[in-house]
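Quick note on labels: first sequence line is chain A, next is B, and so on, each numbered from 1.
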There are 2 protein chains.
Amino acid sequence: MPQEPARRRPRPGSRHPTRVRLSDGHLANVYSAACPSRQALDRLADKWTVLIVGTLERGPLRFGQLRDAIDGISEKMLTQTLRSLERDGLVARRDHGTMPPQVDYRLTEIGTTLAAPVAAIRAWAEHYIVDIEAARSAHDQNQP
Amino acid sequence: MPQEPARRRPRPGSRHPTRVRLSDGHLANVYSAACPSRQALDRLADKWTVLIVGTLERGPLRFGQLRDAIDGISEKMLTQTLRSLERDGLVARRDHGTMPPQVDYRLTEIGTTLAAPVAAIRAWAEHYIVDIEAARSAHDQNQP
DNA sequence: CAGAATCCTGTGAGATACTG
DNA sequence: CAGTATCTCACAGGATTCTG
């Protein structure tokens, strides 16, 4: 059971109030973090989503193939991320019901539309990583 | 001081070994998480980077303007993310040295090139959030 | 105003073991 | 093979206070 936030001195006039309590008791952000684009961005801004979508771009893959293709992902995170991608209608899961189990995953129609912007990001990453690393080491030279 | 990982029974033959100890004592991934595109992707895959870059797209902004424009960001995370963006050469910081302090941030040339793919992602998000939410609630209907 | 320093918490995510 | 179920820790990130 989560403890009470334990604010030391609940004084008014906090300088940066990002949340307010609504009449129904829920907490909500003051401005608009509920903005649709923010919702979708948060969906993409985890460590594995973009990599899974990028890997499925070329066609359906089985669980083990995904695991082997995506360097460093744990089975747990692969399962979790696939589940939430399925929930959001970006990936479709097909269980053949055989024994031993055989399951494959493919992008849905919407998932496919995501592949394009994701590819753009990946292309940018591949092109500019050199400059980024250069800037990084130059910066670290001055402030070690 | 970080404790020893405390592996209960260090038995060999773990099923999914993602890391190996190199001759110099460092840990490294077996395959290729060090791939350049992965490096850059990890750079972008945090909660705030994309939002900051997107906000600076239209021109330089001061610290407080960024804080107010990006819904829900804390001053701590704004500072942190700006620092690392600066380190990577994507954002330039200009301190006017006045009193009270006046600092503004703008995209560098490389940062500007990132704005395009980021805008593509944002456009995708704005367009497809409806379908995502539909899929989500449809899915939750079946498995509540 | 723009932050630095500090404290605290929830979550991300790995390791391991078990199952149909 | 394709998962669950636990346990655990590290760290992202929020709240608060202080300062030049």
Which one, [options], comes nearest to the side chain of [X]?
X	options	result
B:R83	C:dG3, D:dT6, D:dG13	C:dG3
B:V103	C:dA2, D:dC7, D:dG13	C:dA2
A:T79	D:dT4, D:dA2, C:dA13	D:dT4
B:K76	C:dG3, C:dA15, C:dC7	C:dC7
A:R93	C:dG14, D:dA2, C:dT6	D:dA2

Notebook entry, point to check: A:A125 and B:A40: which non-hydrogen atoms are nearest, and at how many Å?
Noted result: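 Looks like CB-CB, 3.3 Å.
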Item checked: For A:L107 against A:E57, the heavy-atom pair lying closest together ->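 Result for this residue pair: CD1-CA, 3.9 Å.
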Checklist line | Closest-nucleotide ordering on DNA chain C, the 5'-leading residue of A:P100 and A:W48 | finding: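 In this pair, the answer is A:W48.
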Margin query: Please compare A:P101 and B:Q102 by the position of their nearest nucleotide in DNA chain C and report the one closer to 5'.
Written below: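 Whichever sits nearer the 5' end wins; that is B:Q102.
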Next item on the list: Step by step, work out the side-chain contact (heavy atoms from CB on, under 4.5 Å) result for B:L114 and A:Y128.
Entry: CA-CA 9 Å; B:L114 177 56; A:Y128 286 102; over 6 Å; no
Return the value, rounded to whole Å, for the distance between atom [atom1] of [X] and atom [atom2] of [N].
X	N	atom1	atom2	result
A:L66	D:dA2	CG	P	10 Å
B:M77	C:dG3	CE	P	15 Å
A:L82	D:dG3	CG	P	8 Å
B:D42	C:dG12	CG	P	16 Å
A:L78	D:dG3	CG	P	8 Å
B:I73	C:dA2	CD1	C1'	14 Å
A:Q65	D:dG3	CD	P	13 Å
B:D46	D:dA10	CG	C1'	17 Å

Next item on the list: Run the salt-bridge test on A:D104 and A:R106 with the 4.0 Å N-O cut-off and return the result as yes or no.
Entry: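 No, this pair does not count.
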Item checked: Trace of the side-chain contact (heavy atoms from CB on, under 4.5 Å) decision for A:L90 with A:V53 -> CA-CA 9 Å; A:L90 299 177; A:V53 170; 5.7 Å; no
Check: Using a cut-off of less than 4.0 Å, is there contact between a side-chain N or O of A:R62 and OP1 or OP2 of D:dC1?
Finding: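 No, outside the criterion.
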Checklist line | Presence of B:R94 side-chain N/O under 4.0 Å of C:dA2 phosphate oxygens OP1/OP2 | finding: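 For C:dA2, OP1/OP2 do not have a side-chain N/O of B:R94 under 4.0 Å.
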Check: Between B:M99 and B:K47, which has a closest nucleotide on DNA chain D that is more 5'?
Finding: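 Closer to the 5' end of DNA chain D: B:K47.
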